[in-house]
Trainee: 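Structure incoming, see below.
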Amino acid sequence: MIIDEIREMLYAEKDIAYRDFQAKLIPTIDKETVIGVRTPALRKMAKQFARREDIPAFLEALSHKYFEENQLHAFIIAERKDFAQCMEELTAFLPYVDNWATCDQMSPKVFKKHRQELMPYIREWIASGQTYTVRFGVGMLMGHFLDEDFDLAYPQMVSEIRSEEYYVNMMIAWYFATALAKQYEAVLPYIEEKRLETWTHNKAIRKAVESYRITPEQKGYLKGLKIRG
């Protein structure tokens with residue numbers, strides 16, 4: 001079976017020291033589910049398996065046992081050139097994403113050519129209430145809608161998210177820090193008017209002032225907007 005073949009290949013790439021290092025970076029998953037395979041090897045495997053006719057057997061075998069299986073799954077989806085196929089597989093997989101690394105590294109190339117079709121999905125993901133589905137939705141909004149397709153409705157959408165989840169709030173902060181770097185004048189009122197929760201507000205400012213795309217003058221002003229408490 002293809003699942004056994006995949007696991008055999010993953011174990012052949014096992015690196016114990018890398019596993020221990022990686023497990024510390026992803027505290028939400030059990031260390032025993034991490035094999036220790038480096039990302040370049042996983043991406044290479046994804047390109048190989050994405051073309052296999054029997055790959056649906058692996059993609060449908062949810063939930064996966066190992067972190068690297070989730071990573072491989074994400075990278076296979078990212079390789080899809082057909083938007084409809086990509087969305088079908090992504091919709092099935094997103095509820096099983098259980099960590100920030102798989103969430104953030106899953107970036108389908110086909111989205112760049114289908115931004116308008118993508119937007120309804122982003123709205124659904126952000127409204128889902130599922131930690132990594134929400135994070136993924138905000139990440140896609142950040143990656144595809146902060147340049148020529150920017151609209152003020154998008155930061156408004158993100159500012160309205162309320163969550164107790166660290167990985168959601170960190171992504172909101174990341175979004176606004178990036179938005180400040182790319183759309184400073186348009187996004188600044190969200191910080192000036194303190195429309196975000198305090199922790200997220202302060203984290204967005206901290207990440208923004210670390211950006212080389214923010215001018216020294218802008219950094220000074222943003223630091224003055226921090227909420228002291």
Side-chain angles (χ1 to χ4, degrees), residues 25-28 78 87 90 94 97 99-229:
L25 297 178
I26 314 170
T28 58
M87 293 310 306
L90 180 58
L94 267 177
V97 175
N99 68 88
W100 68 263
T102 302
C103 178
D104 295 1
Q105 290 182 305
M106 182 165 53
S107 184
K109 301 171 185 176
V110 73
F111 284 0
K112 292 180 181 179
K113 296 181 179 179
H114 295 270
R115 288 193 181 98
Q116 295 314 307
E117 297 103 308
L118 177 61
M119 183 51 66
Y121 289 98
I122 288 177
R123 294 182 187 279
E124 287 181 18
W125 296 332
I126 287 176
S128 71
Q130 296 179 308
T131 299
Y132 296 102
T133 300
V134 175
R135 183 179 172 101
F136 182 76
V138 176
M140 291 301 100
L141 201 57
M142 180 174 69
H144 295 285
F145 294 91
L146 280 178
D147 295 300
E148 65 270 15
D149 290 323
F150 176 74
D151 189 292
L152 276 173
Y154 304 150
Q156 180 64 32
M157 191 190 316
V158 178
S159 75
E160 291 174 354
I161 299 171
R162 289 294 178 267
S163 174
E164 298 296 321
E165 295 290 339
Y166 170 84
Y167 289 101
V168 171
N169 291 327
M170 181 59 85
M171 179 56 81
I172 295 171
W174 186 8
Y175 172 87
F176 274 96
T178 306
L180 283 166
K182 292 190 171 189
Q183 302 286 347
Y184 183 80
E185 295 298 336
V187 174
L188 184 59
Y190 287 88
I191 305 300
E192 291 178 322
E193 297 168 15
K194 300 177 174 57
R195 299 190 205 175
L196 307 179
E197 291 186 311
T198 299
W199 185 92
T200 310
H201 171 96
N202 286 339
K203 185 65 71 172
I205 291 174
R206 179 177 175 181
K207 293 179 76 67
V209 299
E210 292 172 351
S211 172
Y212 68 89
R213 293 178 292 185
I214 301 286
T215 68
E217 292 76 18
Q218 290 170 340
K219 289 179 181 180
Y221 182 63
L222 287 170
K223 286 178 183 178
L225 295 176
K226 252 188 121 173
I227 298 173
R228 313 290 174 180

Trainee: Would you give the length of the straight line joining atom CZ of Arg123 to atom CG of Leu118, rounded to the nearest 0.5 angstrom?
Mentor: 11.0 Å
Trainee: Under the side-chain contact (heavy atoms from CB on, under 4.5 Å) criterion, do Met171 and Asp104 qualify, and how do the steps go?
Mentor: CA-CA 10 Å; Met171 179 56 81; Asp104 295 1; 3.7 Å; yes
Trainee: Which value, rounded to the nearest 0.5 Å, describes the distance between Ile172 atom CD1 and Leu141 atom CG?
Mentor: 11.5 Å
Trainee: Where is the tightest heavy-atom contact between Phe111 and Leu90, given as atom of each residue plus distance?
Mentor: CZ-CD2, 3.7 Å
Trainee: Can you tell me if Glu193 has over 12 outside heavy atoms packed within less than 6.0 Å of its CD?
Mentor: yes
Trainee: Which value, rounded to the nearest 0.5 Å, describes the distance between Thr133 atom OG1 and Glu124 atom CD?
Mentor: 11.0 Å
Trainee: Which pair of non-hydrogen atoms, one from Arg213 and one from Gln218, has the smallest distance, and what is that distance?
Mentor: O-OE1, 4.4 Å
Trainee: Please report the C-alpha distance between Leu188 and Tyr221 in whole Å, then the side-chain angles of each, then the deciding distance to 0.1 Å, and finally whether the side-chain contact (heavy atoms from CB on, under 4.5 Å) criterion is met.
Mentor: CA-CA 10 Å; Leu188 184 59; Tyr221 182 63; 3.9 Å; yes
Trainee: Only one of Gln130, Met140, Met170 forms a side-chain contact (heavy atoms from CB on, under 4.5 Å) with Arg135, so which one is it?
Mentor: Met170
Trainee: Looking at Val187 and Ala179, what are the two nearest heavy atoms and their distance?
Mentor: CG2-CB, 3.7 Å
Trainee: If a pair satisfies ring pair (Phe, Tyr, Trp, His ring centres under 6.0 Å) and one of its residues is in residues 174-194, list it, with sequence neighbours excluded.
Mentor: Phe176-Tyr190
Trainee: Taking C-beta and beyond as the side chain, do Tyr132 and Leu94 meet within less than 4.5 Å on heavy atoms?
Mentor: no
Trainee: Any sub-3.5 Å donor-acceptor pair from Asp151's side-chain atoms to Tyr154's backbone N or O?
Mentor: no
Trainee: What are the two closest heavy atoms between Ser163 and Asn169, and how far apart are they?
Mentor: O-ND2, 3.0 Å
Trainee: Report the distance from atom CH2 of Trp125 to atom CZ of Phe136, rounding to the nearest 0.5 Å.
Mentor: 4.5 Å
Trainee: Walk me through whether Tyr166 and Thr28 qualify under side-chain contact (heavy atoms from CB on, under 4.5 Å).
Mentor: CA-CA 11 Å; Tyr166 170 84; Thr28 58; over 6 Å; no
Trainee: Can Val138 and Ile126 be said to form a side-chain contact (heavy atoms from CB on, under 4.5 Å), step by step?
Mentor: CA-CA 7 Å; Val138 176; Ile126 287 176; 4.1 Å; yes
Trainee: Quick one: closest heavy-atom pair of Pro155 and Phe150, and the distance?
Mentor: CD-CE1, 3.7 Å
Trainee: For the CG atom of Asn99 and the CD atom of Gln105, what is their distance to the nearest 0.5 Å?
Mentor: 9.0 Å
Trainee: What pairs with Arg162 under side-chain contact (heavy atoms from CB on, under 4.5 Å), at least two apart in sequence or on another chain?
Mentor: Glu197
Trainee: Which atom pair, heavy atoms only, marks the closest approach of Lys112 to Arg115?
Mentor: O-NH1, 3.6 Å
Trainee: Using 0.5 Å steps for rounding, measure from the NZ atom of Lys182 to the CG atom of Asp147.
Mentor: 3.5 Å
Trainee: With a 3.5 Å cut-off and sequence neighbours excluded, list the donor-acceptor pairs that the side chains of residues 198-209 form with protein atoms.
Mentor:
residue: His201; atom: NE2; partner: Leu225; partner atom: O; Å: 2.8
residue: Asn202; atom: OD1; partner: Ile227; partner atom: N; Å: 2.9
residue: Asn202; atom: ND2; partner: Ile227; partner atom: O; Å: 3.1

Trainee: Flag the pair Leu196 / Ile191 as yes when at least one side-chain heavy-atom distance between them is below 4.5 Å, and no otherwise.
Mentor: yes
